There are 2 protein chains.
Amino acid sequence: MARREDRQADDPKQGELAEGEKVPAWRQRAVAKSLNAARSRAEKRIQGLLDAAFALIDERGTTEFTIQEVVDRSKQSLRGFYQYFDSKDELLFALLEESIREAVEDLAAAVEAESKPLDRLRAFTIRLHEWCESLGTQRVRGSHNRVPISEFSMQLAIKDPERLAAVIAPLSRMLIELLKAAVADGALQVDEPGRAALLIQQTAMYGWLMNRFVQNPASRITAEDTWEFCLRGLGR
Amino acid sequence: MARREDRQADDPKQGELAEGEKVPAWRQRAVAKSLNAARSRAEKRIQGLLDAAFALIDERGTTEFTIQEVVDRSKQSLRGFYQYFDSKDELLFALLEESIREAVEDLAAAVEAESKPLDRLRAFTIRLHEWCESLGTQRVRGSHNRVPISEFSMQLAIKDPERLAAVIAPLSRMLIELLKAAVADGALQVDEPGRAALLIQQTAMYGWLMNRFVQNPASRITAEDTWEFCLRGLGR
DNA sequence: CTCAAAACGAGAATATAATTGCCAACACTT
DNA sequence: AAGTGTTGGCAATTATATTCTCGTTTTGAG
């Protein structure tokens, strides 16, 4: 069982990543003094575990692998695994963080391609929908199969909403900024950007779940549908 | 593990319930000949199991009870439990069906209270949102805590979407009818009622999940927000 | 270069639940 | 009242996650 309290305390990496690439140089140097080598070694092993897990997820299309399989594939040991991760869920959580990071980059790129605030918001929404939707079918580039990860995030939404909120925060922030910009531009009128952002997120991110229910492809919700629905829904 | 193929074959009750209360009288009589007593006995036990499970869910606020606890509470045996349910998931599925049945009745009542097509649609949407939202907090009447059940349905959406779609079907059908009526009335214009229904369902049913993410109550999505968002979103 | 401490690998040991198997006692039908 | 199917009690099995033990190896200080 992973205790919530342990988390930030004993894992510097987590904090560092959550804040972005920038780590105060002084701290870096200080810690580096005796930990540099040890850390890079540990980092390599952790990466090995993550890669193995991603590989298993990719080929199986599910998160139902065993820890044993992960350590076998990465040529490590159970002992070692539990040295780095408190539990299997912590591993999945790490994979989720990685995926979100990728998503944010991707979304940022899509947004930068546009200049008008409303177009930027539109680009974000559509890309977000596609990102979640990209059902294992036509996986993009070298990126990983995100469906099992999305499913895990779903379970996390149920079991530990605060934590999920924390990982998707960067994404939510980006969305809120885009909204505010669109409002400032006069292209949109919303009173509570926070609430509007929730509605957009919900519509774009959970559409894929609903789409699973329908047999008739004509009734599926496309990224375009999503955007139009949101745009009109937010009121002119 | 519950095989999908087993389902309809060996469980007459399931089929009967899925079709509604009406069972051809002749068949009833024919089967009754030798099964009546046995069935009512079995039904009593099954009900006992369901009640025990509901009770456990109500007091714990989660579906994380063990089968052992269910049988202890209903004064039955593991052996007996597995005579009626192929697995724990089958039990949860039964509870979900019960809840949906309740929901449909409730929604139907709310809808009947209105006469204008658009008002009926509105009543449905808002009631649906409230039904899902009614987070364990202020549980309605004698009804059960639906949050853990909603969570289970979520997992089902991931693991077995067709099956979830099947239980929700009555609800979806009702919504589509209301939509068509509103369109016929000229109060609304949508090309694909199926898709529109999906969007409404999604917005109303998953809002509660999103609301869990937000700390600031002012940003929470209310039933009213949901309705307005949907109404405008569907265009006009 | 050498040693104590820390990290590691292999694999056994635990723990928790779900699911089954087994057998004697019971209940209801005929 | 015998026969057949149902039950209770409970041990056995299975599947995994998680922890523990014990030698081995690696690392970093001196």
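Residue numbers start from 1 in every chain, and the chains themselves are labelled A, B, ... in the order their sequence lines are given, proteins ahead of strands. On a predicted model such as this, the values are computed, not experimentally measured, just so you know.
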> Taking the six-membered ring for Trp, are A:His144 and A:Phe54 parallel (under 30°), tilted (30 to 60°) or perpendicular (over 60°)?
Replying inline: parallel
> When the distance from NZ of B:Lys44 to P of D:dT6 is rounded to whole Å, what number comes out?
Replying inline: 17 Å
> From D:dT16, D:dT7, C:dT20, pick the nucleotide closest to the side chain of A:Thr66?
Replying inline: D:dT16
>> By nearest heavy atom, map B:Leu78 and A:Phe65 onto DNA chain D; which one lands nearer the 5' end?
In response: B:Leu78
>> Looking at A:Gln83, I'd like to know whether one of its side-chain N or O atoms comes within less than 4.0 Å of OP1 or OP2 on C:dC8.
In response: yes
> Once you round it to whole Å, what is the distance between C1' of C:dA18 and CG of B:Leu92?
Replying inline: 13 Å
> Stepwise, does the side chain to side chain donor-acceptor pair (under 3.5 Å) test hold for B:Ser172 with B:Gln201?
Replying inline: CA-CA 8 Å; B:Ser172 306; B:Gln201 254 184 60; 2.9 Å; yes
> Can you check the B:Gln68 CD to D:dG8 P distance for me, whole Å?
Replying inline: 12 Å
>> Would you call the rings of A:Phe229 and B:Phe229 parallel, tilted or perpendicular, taking 30° and 60° as the class edges?
In response: perpendicular
> Taking atom C1' of D:dT6 as reference, at what distance in whole Å does atom NZ of B:Lys75 sit?
Replying inline: 20 Å
> Which of the following nucleotides, C:dA10, C:dG21, C:dA18, is nearest to the side chain of A:Arg79?
Replying inline: C:dA10
> Got a donor-acceptor contact below 3.5 angstrom from the A:Asn145 side chain to the A:Gly61 backbone?
Replying inline: no
>> Without decimals, in angstroms, what is the distance between B:Leu49 CG and D:dG8 C1'?
In response: 14 Å
>> Please report the distance, rounded to the nearest Å, between CD in A:Gln76 and P in D:dT26.
In response: 15 Å
>> Output the rounded distance in Å from OH (A:Tyr84) to P (D:dA17).
In response: 20 Å
>> Please check: side-chain N/O of A:Arg60 versus main-chain N/O of A:Phe65, any donor-acceptor pairing under 3.5 Å?
In response: no
> So, is A:Arg45 near the phosphate of C:dA7, with a side-chain N or O under 4.0 Å from OP1 or OP2?
Replying inline: no
> Would one find a side-chain N or O of B:Tyr82 under 4.0 angstrom from OP1 or OP2 of C:dT19?
Replying inline: yes
> Which nucleotide in the set D:dG9, D:dT18, D:dT6 lies at the smallest distance from any side-chain heavy atom of B:Arg41?
Replying inline: D:dT6
> Roughly, in whole Å, what's the span from CD in A:Glu69 to P in D:dA15?
Replying inline: 13 Å
